[in-house]
Every structure is written in C-alpha cells, then in structure tokens.
4 protein chains.
Amino acid sequence: MPRPSNTEERRQQIVDGLLKVMAERGYERASVGEIAKAAGLSPGLVHYHFSDKQEILLVLVEQLASRARIRVTMRLARVKGDDARAKVDAFIDAFLATGGDAAPSAVASWVTISAEAIRQPEVRAAYDRVVKADLEQLELLVAAVVGKRRARTIAAGLFAAVQGYFVLSASAPDLVPPGSAAGTVKRMAAGLLDTVEAREDA
Amino acid sequence: MPRPSNTEERRQQIVDGLLKVMAERGYERASVGEIAKAAGLSPGLVHYHFSDKQEILLVLVEQLASRARIRVTMRLARVKGDDARAKVDAFIDAFLATGGDAAPSAVASWVTISAEAIRQPEVRAAYDRVVKADLEQLELLVAAVVGKRRARTIAAGLFAAVQGYFVLSASAPDLVPPGSAAGTVKRMAAGLLDTVEAREDA
Amino acid sequence: MPRPSNTEERRQQIVDGLLKVMAERGYERASVGEIAKAAGLSPGLVHYHFSDKQEILLVLVEQLASRARIRVTMRLARVKGDDARAKVDAFIDAFLATGGDAAPSAVASWVTISAEAIRQPEVRAAYDRVVKADLEQLELLVAAVVGKRRARTIAAGLFAAVQGYFVLSASAPDLVPPGSAAGTVKRMAAGLLDTVEAREDA
Amino acid sequence: MPRPSNTEERRQQIVDGLLKVMAERGYERASVGEIAKAAGLSPGLVHYHFSDKQEILLVLVEQLASRARIRVTMRLARVKGDDARAKVDAFIDAFLATGGDAAPSAVASWVTISAEAIRQPEVRAAYDRVVKADLEQLELLVAAVVGKRRARTIAAGLFAAVQGYFVLSASAPDLVPPGSAAGTVKRMAAGLLDTVEAREDA
DNA sequence: TATGAATGAGAATTCATTCAT
DNA sequence: AATGAATGAATTCTCATTCAT
C-alpha cells in the first residue's frame with residue numbers, strides 16, 4: 001500500500017515559499033535553497049516536485065490570478081440587481097480595496113512578475129494570459145455601461161490605474177495617500193463612464 | 001602630458017549599455033560583461049569608472065528622471081497663457097504621448113527599476129526621490145485646478161495610471177489599445193477635475 | 001534514505017588543503033580553487049562547507065593550537081614528580097623539540113597566520129585567544145619556579161623566543177643552527193629562572 | 001638642459017607609501033593604486049620608477065635593514081671602552097629599546113616581510129641577506145664574550161627572541177608586558193653569557 | 001617624467017541543478 | 001519521496017601592468 005501522495009501539498013508549500021522569498025528578494029535572488037528553507041523543505045525536494053525554478057514562478061502567477069478571480073467573483077456576487085455601474089466598481093474594489101486581508105507580499109510579487117514578464121517568454125505568456133482574462137472581464141462590465149465601442153480603451157485605462165497603484169504601493173509606499181487607491185480609481189471610472197458623452201456611446 | 005579625460009563620455013557609454021542590456025535582460029541578468037560589450041568597452045573598465053554595478057543603475061535612474069523632467073518642462077512651456085487644466089494634460093502627455101521618440105527600452109528599464117526598488121534600499125531611495133518630485137510637481141498643477149485639499153490624492157491617481165500604462169506597455173504590450181494611453185489618462189483627469197463637485201473644492 | 005553525512009570529514013579535508021597550500025603560497029595566494037584541488041574536491045564544495053575562505057583559516061588556527069596543546073599536555077605528563085623547572089623545559093620542548101614529527105608546513109602556516117593577524121580582526125581575535133592561553137599556561141609554570149611577580153614577563157620572553165625560532169626556521173631556515181632551538185631556549189629559561197636573584201623572587 | 005632627476009625622491013616616496021599601506025593591509029592587499037595614493041603620486045608613475053611591485057618590497061627590505069644597522073652602529077658607538085658584554089646589550093637595545101621613535105609600522109611590515117619570505121624567492125633572498133648580516137654581527141659580539149664555539153647558537157637564540165618580540169608586538173600587542181622586551185632579552189643574554197660555564201668556553 | 005585610462009587575468013562567491021543513498 | 005552533498009558554470013569585483021598622450 002503506497003503512502004498517499006502529498007505532492008500537491010509539497011508543491012503548494014514550495015509556491016508559498018517562493019511568494020515569501022520573492023517578495024523580499026526578487027526572483028533572481030530568490031535562490032532555490034531559500035525557497036526550500038521558507039517552505040520548510042530540503043533543497044533537493046524542490047527539484048523533485050518542479051522541473052526548474054521557473055515552473056514554480058509560473059504556478060505562482062496562476063495562483064495569484066486565481067485568487068484575484070475569486071475576489072472579483074465574490075464582489076460581483078454582492079452587487080444587487082443588474083447594476084452595471086456597480087459591477088465596475090466591484091471589480092476595482094476586488095483589486096484595490098484593502099479589507100484587512102491586504103497582501104503586500106502578493107503585490108510585491110506581482111510587480112516583480114510584471115518585470116520578469118518583460119524578458120522570460122514563458123512568464124510573459126502566463127502574465128499575458130492572466131492580464132488578458134482580467135481585461136476581457138472588465139471590458140464586458142464596462143461595455144454594459146457605455147457600449148462596446150469604447151469599452152476596451154476604458155477597461156485598459158482602469159486596469160492600468162490598478163496596476164499603477166500596485167507598483168507605487170510596492171515600490172514607493174510612502175507616496176501613496178493611504179486608503180485612497182480604490183476610491184480614486186472608482187472616481188476615474190465615474191469620469192469615464194458617467195458623463196453625458198460617455199452614456200451616448202452606449 | 002596626460003591624455004584628455006574622457007571619463008564622462010565613458011560613464012555615459014556604460015550607462016547607455018546598462019539601459020540597453022537591462023531593457024532586454026533585466027537588471028540581475030545584465031552582467032557587467034554584457035554591459036561592457038554593449039558599451040564597446042572592456043569589462044575591467046566598467047569598474048574603473050563605477051564602483052559597482054548598482055552605481056550604474058543609480059545614475060541611470062537619475063538620467064531617466066532628468067529626461068522626463070525635460071519633456072515635462074517642454075510641454076508646459078508650450079501651454080498658452082495660464083491654463084491650469086491644460087498644464088495637467090501637458091504633464092500627462094509628457095509621460096505618455098509617443099511622438100515618434102517613443103523609448104520602449106526606457107520604459108522597460110523603468111519598470112525594471114520599479115521592481116528593483118522593492119528590495120535594494122539605495123535604488124528605492126533614488127526611485128522614491130524621483131517619484132516624489134514628479135508627484136509634487138503634478139500635485140501643484142492639480143491644485144491650481146481643484147485646490148489643495150484633493151490635489152494629492154488626484155495627483156497620485158493620475159500618476160498611478162501613468163505608471164500602470166508603463167507596466168502594461170512593457171509587459172503585455174499587445175493588450176493596450178495602441179495610442180490610447182495619453183488620451184485615456186487625460187479623460188480620467190477630466191473626470192476628476194472638471195466635474196461640478198471637483199470645481200467646488202477649489 | 002539520505003547518504004550519511006560526511007561533513008566533518010570534508011571540512012577536515014578542506015582545512016588540510018588550506019594548510020598545505022598556505023604553507024607554500026601564503027594565505028592570499030591560496031585560492032579556493034587550489035585549496036579544493038589540494039583537498040581533492042570541487043571548488044563549489046568548499047563554499048558548501050565553509051561560508052568563506054576566512055572561516056577555513058579560523059578553523060585551522062584552532063586546530064594548530066589544539067595540536068600544540070596536546071603536545072604540551074603529553075610532555076608535561078612525562079615530567080616525574082612535581083619538578084617545576086622541568087615543566088618549563090617540557091613546555092619549551094613541546095613547541096621546539098623536533099622529534100621526527102617536525103611539521104614545517106604547520107610552522108610556515110603559523111608564521112603566515114601571525115602576519116594575517118595584523119590586519120584581519122577575526123584572525124587577530126583567534127590568534128590572540130590562542131597566544132593568550134599558551135602564555136597563561138607558561139606563566140603558571142614559571143610562577144611555580146620564581147613566583148608570580150616576574151612570571152608574566154619571563155613567560156612572555158620565553159614565548160617570544162619560541163615564536164622567533166618559528167619565524168627564522170620558516171623564513172630563513174639556513175641561518176638557524178640545526179637542532180639548537182629547544183636547547184637554547186631552555187638555557188635562556190635557566191638564565192632567567194635559576195640565578196640567585198631569580199630564586200629570591202619566588 | 002634637462003630637468004634635474006627626481007627619481008630618487010620619487011622612489012623614496014613610493015617605498016614610504018608601501019611601508020605605510022603594507023603595515024595596515026599586508027603586502028598582497030597593498031595595491032599599487034593605494035601605494036601611489038599614500039605616496040601622493042599617480043598609479044602609472046609607480047611602474048615608471050619600479051619594474052614591478054615586488055621591487056618596491058625589496059627596496060623596503062633594504063631600507064628597513066639599513067635603518068637597523070644605523071641604530072646598531074649608534075648604540076655600539078656609545079659603549080665606553082671595549083666592553084664586550086655591553087656591546088651585546090647595545091645590539092639588543094638597538095632592536096628593542098623603544099626610545100620614543102618606536103616604529104610600529106616598521107615592525108608590522110617586517111613581520112609581513114618575514115611571512116612573504118616564505119614563498120617569494122627574491123624576498124627570501126633579500127630577507128636572508130639581511131638576517132645573515134645581522135646574525136654575523138651579533139655573533140662577533142657574542143664571540144668576544146664566550147668565544148667562537150658557542151657564539152653562533154647563542155646569537156641565533158638572542159636574535160630569535162628579538163624577532164619573536166616583533167611578531168608578538170605586531171600581532172598580539174596586548175599580550176606583551178609593555179617595555180619589557182629589551183630588558184628580558186638582555187637578561188636572557190646574561191644567562192647565556194655570564195654563567196661560569198659560559199665564560200669557560202671563551 | 002607624469003597622468004590616468006585601459007586591459008585582461010584571476011579572485012571569491014553564488015547557485016540551479018544533479019545525484020547517490 | 002526525501003535528503004543534503006556535489007558539481008561547475010556564471011558573476012562581480014580587484015588589480016598588476018601597459019599604454020597613449
């Protein structure tokens with residue numbers, strides 16, 4: 001009787017280890033040895049469960065994305081009725097509202113991943129897939145307010161603002177007025193979506 | 001009679017080399033050897049002109065910032081009269097309008113620098129200084145429109161949007177509608193600055 | 001089932017490698033690569049077992065000191081009765097009598113270590129600790145002959161003579177009359193300890 | 001009319017620079033650049049005046065030796081009459097009596113040179129020459145007291161004690177009773193030279 | 001003579017990955 | 001599954017020495 005596989009548990013420990021180490025040292029300097037230590041495992045085991053360091057990063061990208069998707073789904077579910085405008089705000093809140101569960105290391109890691117996406121093709125592909133899915137969802141929500149024609153551009157703008165707040169809060173946290181991110185982006189959304197001309201587009 | 005000093009020229013070549021290599025390989029993988037090769041110099045010379053690799057990066061941060069300041073100054077100079085609103089737009093254009101001189105490698109490097117700022121204290125300090133100066137300038141421009149009370153928050157939001165476009169255009173360029181960045185952020189500015197409530201704050 | 005740890009064995013091989021290489025090349029020129037080769041190991045492994053080159057040196061200092069302590073203990077054990085004078089001679093013999101086990105590379109290394117102690121604080125601390133312990137032991141033996149008052153000075157003088165023979169035999173071996181070291185220092189001890197005035201101090 | 005050569009002055013500055021830097025960093029880490037800086041000269045000039053770094057060291061060895069010879073000559077000149085015993089003491093004082101002119105950096109350098117003599121053949125040759133000359137002079141002085149037969153051995157012993165005090169005072173200065181060196185070695189000399197048996201040898 | 005830029009050969013150290021057990 | 005020793009390539013940095021001026 002073989003012992004029950006704990007592969008998934010181990011892989012999760014390792015991914016968590018990378019998240020932790022990467023948040024404070026970046027990807028290149030997150031050595032496999034440190035990841036293993038943060039995971040409470042031996043270095044050799046990391047390569048038993050992952051073929052190489054990059055694979056861990058790719059899994060982390062998926063996990064961060066999936067957690068974001070869950071937050072979005074939960075926020076959308078709370079919107080009463082079919083309020084299209086409220087759904088856009090819910091999306092923004094899902095990314096920026098810090099409800100006690102603020103995850104600075106996730107944000108720092110995400111910014112690091114953005115930078116890694118510039119050079120590592122596989123990381124770029126994964127990053128692209130995630131951003132594309134987020135953007136498409138936001139575009140749909142925006143289109144329900146102002147119509148398809150300008151939805152893509154507006155969605156990109158709002159998403160850029162979200163990403164920008166991530167960067168600033170990770171790299172220059174003292175310069176962002178605390179607690180202002182979600183509200184400001186929602187006001188940006190209002191400006192883009194609620195003016196007369198904008199509505200006419202719909 | 002000694003040969004005339006060309007230190008500044010060499011330093012500039014090296015900084016340019018870092019910019020070039022970093023844009024396509026990131027900071028960690030931009031080895032001193034590659035930087036030297038990109039600069040057309042011998043590896044040893046890099047350390048003759050810079051005490052270490054980080055010093056090159058810090059100089060690059062300053063140079064990128066200074067080029068941006070020049071673009072801002074030029075755009076502001078073109079604003080006729082004392083049009084406070086137009087000045088905000090000019091600031092945004094200085095960062096996002098791609099007038100043929102689009103510098104994708106500068107953007108990629110800047111995104112990389114943002115990520116490095118998360119862990120290297122000296123880089124963070126330099127990055128902070130630059131962002132702080134930019135934000136303060138934008139805040140002044142915004143305050144001329146809506147008054148001081150909300151200027152900081154609005155400036156941060158607009159600046160975040162700019163940084164977010166940098167990230168997206170460097171890391172997921174296919175997902176940003178081409179040519180839309182400056183216009184969208186300017187429309188965000190309009191939403192934040194031109195509504196009735198906003199004006200009342202002034 | 002992991003392979004049984006051979007860390008201690010490896011560390012010893014590496015320390016032995018340093019002793020060997022350092023004796024003929026000095027500390028600075030004993031490159032980690034050469035140490036590894038002398039130990040029959042790969043260069044990377046050296047840094048797996050030691051955090052840096054200096055740590056190997058510090059361990060070597062301890063080992064040389066500990067071997068000397070053993071020789072002293074053995075010589076003292078052979079002294080019959082409670083002959084205080086004979087004990088001083090035994091101490092000197094432990095350092096200088098070359099009974100077939102002459103270890104020229106240990107002497108050369110020790111002289112090198114003395115010189116390194118001048119600049120490397122950690123090496124100096126280790127060297128100091130060792131010399132201090134040796135001196136204190138010799139001081140006790142001397143005090144049993146002439147009393148405490150002059151013991152420290154006499155012990156330091158005899159120990160200096162021992163160290164001086166080390167230097168000369170390592171750096172200018174042809175100039176030391178072979179086999180004369182131990183006898184001469186013991187005669188110095190006699191002069192310092194056995195004269196009428198000296199005994200009166202006791 | 002050629003400008004008067006300042007070669008000798010420059011060479012002296014450079015040798016002084018090496019003495020200074022070597023005393024606090026050792027020979028290997030005394031880079032040519034630092035030596036030049038300590039000498040107030042440019043790095044290139046060092047190799048104009050010396051073919052390589054080792055040549056500076058060899059000149060320094062000669063200079064340190066020559067200064068010692070001068071001190072010995074001066075002390076011997078002060079000995080009244082033909083007092084053979086007093087001459088031995090004068091020799092010892094020339095090396096160990098610290099009359100305000102104590103030169104700790106010369107001592108540190110000398111200890112460093114002893115260690116370098118172990119591996120660099122040219123340094124060893126120079127060191128040997130110097131030590132040999134010193135020893136021969138001391139041997140003559142000793143022979144005038146106890147006769148030739150035992151002079152070599154006794155001279156070596158006294159010289160070893162002197163060298164040992166150099167090492168200890170450079171490498172573990174806190175462990176040598178201050179001001180005790182010259183007196184102790186002179187008492188060692190007394191023990192070796194003034195006993196009945198010793199005189200009989202003469 | 002003098003300068004200081006330039007070169008290129010190491011140096012220590014790090015680390016992803018492999019492997020014997 | 002698991003361990004941790006082992007490998008070897010890559011990296012940053014140092015430095016004696018050379019060279020153009």
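Just so you know, these numbers come straight off a predicted model, no measurement behind them. Sequence lines set the chain letters: A, B, ... in the order given, protein chains first and strands last, and positions in each chain run from 1.
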Is there a donor-acceptor pair closer than 3.5 Å between any side-chain N or O of [X] and the backbone N or O of [Y]?
X	Y	value
A:R11	A:H49	yes
C:R124	C:S114	no
A:R129	A:E62	no
C:R10	C:S5	no
A:R29	A:V21	no

Only pairs with both distances under 3.5 Å count, Watson-Crick or wobble alike; so what is the partner of F:dA10 in this structure? E:dT13
Checking N1-N3 plus N6-O4 or O6-N4 for Watson-Crick, or N1-O2 and O6-N3 for wobble, each under 3.5 Å, the partner of F:dT17 is E:dA6
Please confirm whether the shortest side-chain N or O distance from [X] to OP1 or OP2 of [N] is below 4.0 Å.
X	N	answer
C:N6	F:dA6	yes
B:S5	E:dT3	no
C:R10	F:dA6	yes
C:T7	F:dA5	yes

Given atom [atom1] of [X] and atom [atom2] of [N], what is their separation to the nearest angstrom?
X	N	atom1	atom2	answer
A:L18	E:dC15	CG	P	14 Å
D:R11	E:dT1	CZ	C1'	15 Å
C:I14	E:dT13	CD1	P	13 Å
D:K37	F:dT14	NZ	P	12 Å
B:L57	F:dT12	CG	P	13 Å
C:E8	F:dG4	CD	P	15 Å

Does a side-chain heavy-atom distance below 4.5 Å link D:Y48 with D:L45? yes
Spacing of the P atoms in E:dT1 and F:dT21 (rounded, Å): 22 Å
Of C:R29 and B:S42, the one whose closest DNA chain E nucleotide lies more 5': B:S42
If you pin C:S31 and B:P43 to their nearest nucleotides in DNA chain E, which one's is more 5'? B:P43
Numerically ordered, the residues 45-55 of chain D set in heavy-atom contact under 4.0 Å with DNA chain E is D:L45, D:Y48, D:H49
Taking atom NZ of B:K20 as the centre, does the number of heavy atoms from other residues, nucleotides or ligands within less than 6.0 Å exceed 12? no
Assign each of C:G44 and B:A30 to its nearest nucleotide of DNA chain F by heavy atoms, then name whichever residue's nucleotide is nearer the 5' end. C:G44
